[in-house]
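The model shown is predicted, which means the values in this text are computed figures rather than measured ones.
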Amino acid sequence: MATASLSPPPRWPPPPLGLLPLLVLILACLAAQAPPRAAEAAGVLRQVVAGGGDGDGGTFFEPFNVTYDHRAVILGGKRRMLVSAGLHYPRATPEMWPSLIAKCKEGGADVIETYIFWNGHEPAKGQYYFEGRFDIVKFAKLVAAEGLFLFLRIGPYACAEWNFGGFPVWLRDIPGIEFRTDNEPYKAEMQSFVTKIVNIMKEEKLYSWQGGPIILQQIENEYGNIQDRYGQAGKRYMLWAAQMALALDTGVPWVMCRQTDAPEQILDTCNAFYCDGFKPNSYNKPTIWTEDWDGWYADWGEPLPHRPAQDSAFAVARFYQRGGSLQNYYMYFGGTNFERTAGGPRQITSYDYDAPIDEYGILRQPKWGHLKDLHAAIKLCEPALIAVDGSPQYVKLGPMQEAHVYSSGKIHTNGSISENGQICSAFLANIDEHKYVSVWIFGKSYSLPPWSVSILPDCENVAFNTARVGTQTSVFTVESGSPSYSSRHKPGTLSLIGGPYLSSTWWTSKEPIGKWGEGSFVAQGILEHLNVTKDISDYLSYTMSVNISDEDVAYWNSKGVLPSLTIDQIRDVARVFVNGKLAGSMVGHWVSLNQPVHLVQGPNELMLLSEIVGLQNYGAFLEKDGAGFRGQVKLTGLSNGDIDLTNSLWTYQIGLKGEFLRIYAPENQGYAKWSSMQNDDTQTPFTWFKTMFDAPEGNDPVAIGLGSMGKGQAWVNGHLIGRYWSIVAPESGCPSSCNYAGAYGDSKCRSNCGMATQSWYHIPREWLQESDNLLVLLEETGGDPSQISLQVHYTKTICSKISETYYPPLSSWSRDANGRATLNTVAPELHLQCDEGHVISKITFASYGTPSGGCQNFSVGNCHASTTLDLVTEACVGNNKCSISVTNDVFGDPCRKVVKDLAVEAECSPPLATEEPRDDM
């Protein structure tokens, strides 16, 4: 990887070599055969075997025990302050896993967290699947090969905005079953699956005491939120689940999140946007944050949530400041809800989550970089944080300002501590949302921006402030399912870079509506959707014939009205067809439908199509939620009153013909009658479209733009990339700007109002071949496939602005043999980096002086060093990354006694597209 730096002349003190990897794995070994309850080892851990790049291999660490005390999780006898990154293995392809795990580690994570997804691993009762995206063993070994630990949230209820919360649909068909309560059929199935997972982990030697990465497990999930709904049976079930987990003798601690009455042997933990005020239910337990919501999920037809990097960093810093010991980002990488795995009601295919690594596996800047710096600062404080056995020293600095001081001995905070020889780190917080405040401590004045925390690893120098972002901002070629906040106000960043449409040659095949043959049956009354389909398809049709008399037609003509079809309640999507034509649709979660219909004299075929868009994934009594229609189905407005159709004979058809013939698969193209697309095909409901296309050159992730389509599903070379839906978010609800300060909620900084919730969809590179790729679309409402675009997704524009008064780079800090943090004072640095395999091809703006504006909107100020562009170009162009010291020693002093900034904007390109020329300034 090409790198370059622009530093001061030799007289400037050279920076140190940098911090050694902060997960220092040295250690005192346990005997290889030590049982889980062996005595704790002294010292810290040592990674002994990398296991190979593919994640195969045996022992990854010297076997170590995991315990805990009131302060922290203890690994191999040593307290640790741990940063965890949420990464769900099925939301990426196995080929993506190594890069994603490496980016988590590079970002400062010690631990990878994931749920286990029951319905992915046991799709049919007693039939297990651990291959492809569900190869949890391979995933765990890849985590270990990177020297990271694993937090396995077995559940087996996950929620996770995953279809049915992770429950297999067959579970609800077991006689007498009730989920998540003191119910013997449910407990038997839950115990069977949890035991299956635990046994696999033991057989593969993946627990810490076996030399594996697993240090924590979770049983159940946020049960405390709904436990009261089940009365005393809920309490009994919770206690049973805890004891069942403990009896599996895994040798590592179990947690229950949001479970304030968890038993003493189970760690109760916090899930929230902020957890700095959380305390576990026993003094003997450490403070753990299992879900730090650093973003939020999105629903079809709603705007996209975003959480500012500054606020996310503030929440994390406050957590460690106030006694936290392990924090997990939910999510660090969100990924994609491939196939029909998106939860409900109506959650989108993208699970981008505004996470530090975006849906496609690309770093989201500045969030990833800002949090990486935060983690480095916290790691510098780790010796002090673990040295304090009780509470840190608390200092009130103002009405809304406070300090927490961690040290190996008593510290006098009124003066400098630089000569006292103790380990000491401090967190200074300003929780005022509006005001900058100067505070006095350690014999110095410190300026605190609103809603921010400054971290002082040595109780003297500030290494990091949560509100001051020193990392680059990145702009992608095309935004993911959740575009960056700035994109809402810069539509140009959402457009293609001159990319052509995918194809001008399309074929179509008509999907028969209603009964098409295979598996249809007749039954009396309205049957519940899931009871019929078992979730093998989103679609279930109900068809019957209604006879209309001359009198009714004359009545409607005389009144100038139409009769209506009414349904008391529908879930997700209902469509009404009369005599083969779509009369109308309704979208909602258990809402009423009232659809005017045009009926003719004599027999009329009435067909109701029920569509699921993700099964309910959260709440009590999930097994009772179901899908389809509830209540009465009536035909109203007839001359002699209403007709109740509820208990009539209905013909049921599960799924669509094209689905069951698998006409989306390359080998099954002969199973459908395809014809060249005509103009009117684009407006015909329930039409299959297909085309062939070549993959874009290179290795960058691929996005397909389906904004010209309506609603349906998309397959590439037989792989279902997910549901698509161009439903538009409301015009209101997106502020013109986003202030990071103040408590965050998922509606605070939303974007994409007045636009489709999701237009771009991820096609994994591994699913593509160089040419002759088959794209098949099932379109439900009508759309124009000729307008579909394909584009690579990568960081196109990078920019940064750093003041000469900014903090020295974190690489200039080190720790001595006693654990004390020390700073080798050097100038601040501006860092730029393109995606892996890309280079900086052009500098489009560079100014050292008083530049104004922000990314994609910089302008030169009254003070400007004329050499800036030449110097930055020389240091950066042609390299993957570069660093530039922000000092007069590099650029000269264009205006004395004025605080100067360095602002740079650059373009990234694949290596062959590197340009030498630059814009004139």
Side-chain angles (χ1 to χ4, degrees), residues 5-9 11-13 15 309-310 313 366 369-370 373 377 428 430 432 434-440 444-456 460-473 739-741 798-813 823-832 843 845-872 875-876 882-906 921:
S5 63
L6 184 59
S7 301
R11 69 177 183 274
W12 191 266
Q310 301 96 317
H370 192 51
D373 288 348
L428 316 182
N430 176 18
D432 190 307
H434 308 289
K435 298 177 183 177
Y436 279 80
V437 178
S438 292
V439 299
W440 185 268
K444 294 176 65 174
S445 177
Y446 297 87
S447 177
L448 301 177
W451 198 254
S452 77
V453 177
S454 283
I455 299 176
L456 288 61
E460 182 179 0
N461 297 288
V462 177
F464 180 85
N465 178 274
T466 59
R468 297 189 67 187
V469 178
T471 54
Q472 72 183 37
T473 294
N739 181 8
Y740 76 88
I798 53 177
C799 36
S800 185
K801 184 178 180 181
I802 300 293
S803 170
E804 63 176 339
T805 63
Y806 194 69
Y807 315 117
L810 282 151
S811 60
S812 63
W813 286 84
L823 172 64
N824 181 8
T825 304
V826 296
E829 292 178 355
L830 181 146
H831 294 265
L832 295 175
I843 305 299
F845 181 90
S847 176
Y848 178 70
T850 56
S852 60
C855 190
Q856 297 186 300
N857 193 33
F858 285 130
S859 60
V860 174
N862 293 329
C863 170
H864 168 66
S866 59
T867 59
T868 311
L869 185 59
D870 288 334
L871 291 169
V872 172
C876 297
C882 61
S883 60
I884 304 164
S885 294
V886 184
T887 170
N888 293 339
D889 288 351
V890 171
F891 299 100
D893 190 349
C895 43
R896 297 185 181 278
K897 298 183 180 180
V898 173
V899 175
K900 289 164 282 292
D901 298 329
L902 173 62
V904 179
E905 182 173 313
M921 300 288 295

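The nearest pair of heavy atoms linking Pro449 to Ala467 is CB-CB, 3.9 Å. Considering all non-hydrogen atoms of both residues, Ser452 and Thr466 come closest at CA-OG1, 3.2 Å. Here the shortest heavy-atom pairing between Tyr446 and Glu460 reads OH-O, 2.5 Å. Heavy atoms only, all atoms of each residue included: Ser447 and Tyr436 are closest at OG-CD2, 4.2 Å. Listed here is the closest heavy atom pair of Leu830 and Leu902: CD1-O, 3.5 Å. Heavy-atom minimum distance, Pro828 versus Pro809: CA-CD, 4.3 Å.
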Original post:
Could you walk me through whether Phe858 and Cys799 pass the side chain to side chain contact (heavy atoms under 4.5 Å, CB included) check?
Top reply: CA-CA 9 Å; Phe858 285 130; Cys799 36; 3.8 Å; yes

**OP:** Given side chain to side chain contact (heavy atoms under 4.5 Å, CB included), test Val469 with Gln310 step by step and report yes or no.
**Re:** CA-CA 7 Å; Val469 178; Gln310 301 96 317; 3.7 Å; yes

Subject >> Residue pair Cys876, Ile884: steps toward the side chain to side chain contact (heavy atoms under 4.5 Å, CB included) verdict >> reply: CA-CA 9 Å; Cys876 297; Ile884 304 164; 3.9 Å; yes

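Thr825 is not listed as a side-chain neighbour of Ser812, based on a closest heavy-atom distance of 4.5 Å or more. Residues Tyr807 and Leu823 fail the side-chain proximity criterion, which asks for heavy atoms closer than 4.5 Å. For the pair Ser803/Asp901, a side-chain contact is recorded, criterion being any heavy-atom separation below 4.5 Å from C-beta on. Side-chain contact between His434 and Pro450 is absent, with no heavy-atom pair separated by less than 4.5 Å.
We find the OG-CG distance between Ser454 and Asn461 to be 11.5 Å, quoted to the nearest 0.5 Å. Taken to the nearest 0.5 Å, the CG atom of Leu869 stands 7.5 Å off from the CD1 atom of Ile843. In this structure, NZ in Lys435 is found 14.0 Å from CG in Leu448, a value given to the nearest 0.5 Å. Atom OG1 of Thr473 sits about 10.0 Å away from atom CD of Glu905, to the nearest 0.5 Å.
Between the side chain of Ser885 and the backbone N or O of Thr887, no donor-acceptor pair lies under 3.5 Å. Looking at Thr850, its side chain does come within 3.5 Å of a backbone N or O of Cys863 through a donor-acceptor pair. Between the side chain of Gln472 and the backbone N or O of Ser800 there is no donor-acceptor pair closer than 3.5 Å.
Centroid-to-centroid, the aromatic rings of His370 and Phe464 come within less than 6.0 Å.
With hydrogens and angles left out, the side-chain atoms of Thr868 and Ser847 include no donor and acceptor closer than 3.5 Å.
Legend: residues meeting salt bridge (charged side-chain N to carboxylate O under 4.0 Å, His left out) with Glu804, ordered by chain and number and at least two apart, are Lys900. Judged as a salt bridge (charged side-chain N to carboxylate O under 4.0 Å, His left out), and not counting sequence neighbours, Lys801 has no contacts.
Within a 6.0 Å radius of NZ in Lys444, more than 12 heavy atoms belonging to other residues, nucleotides or ligands are found.
The residue from Asn888, Thr867, Val890 that alone fulfils the side chain to side chain contact (heavy atoms under 4.5 Å, CB included) condition with Tyr848 is Asn888.
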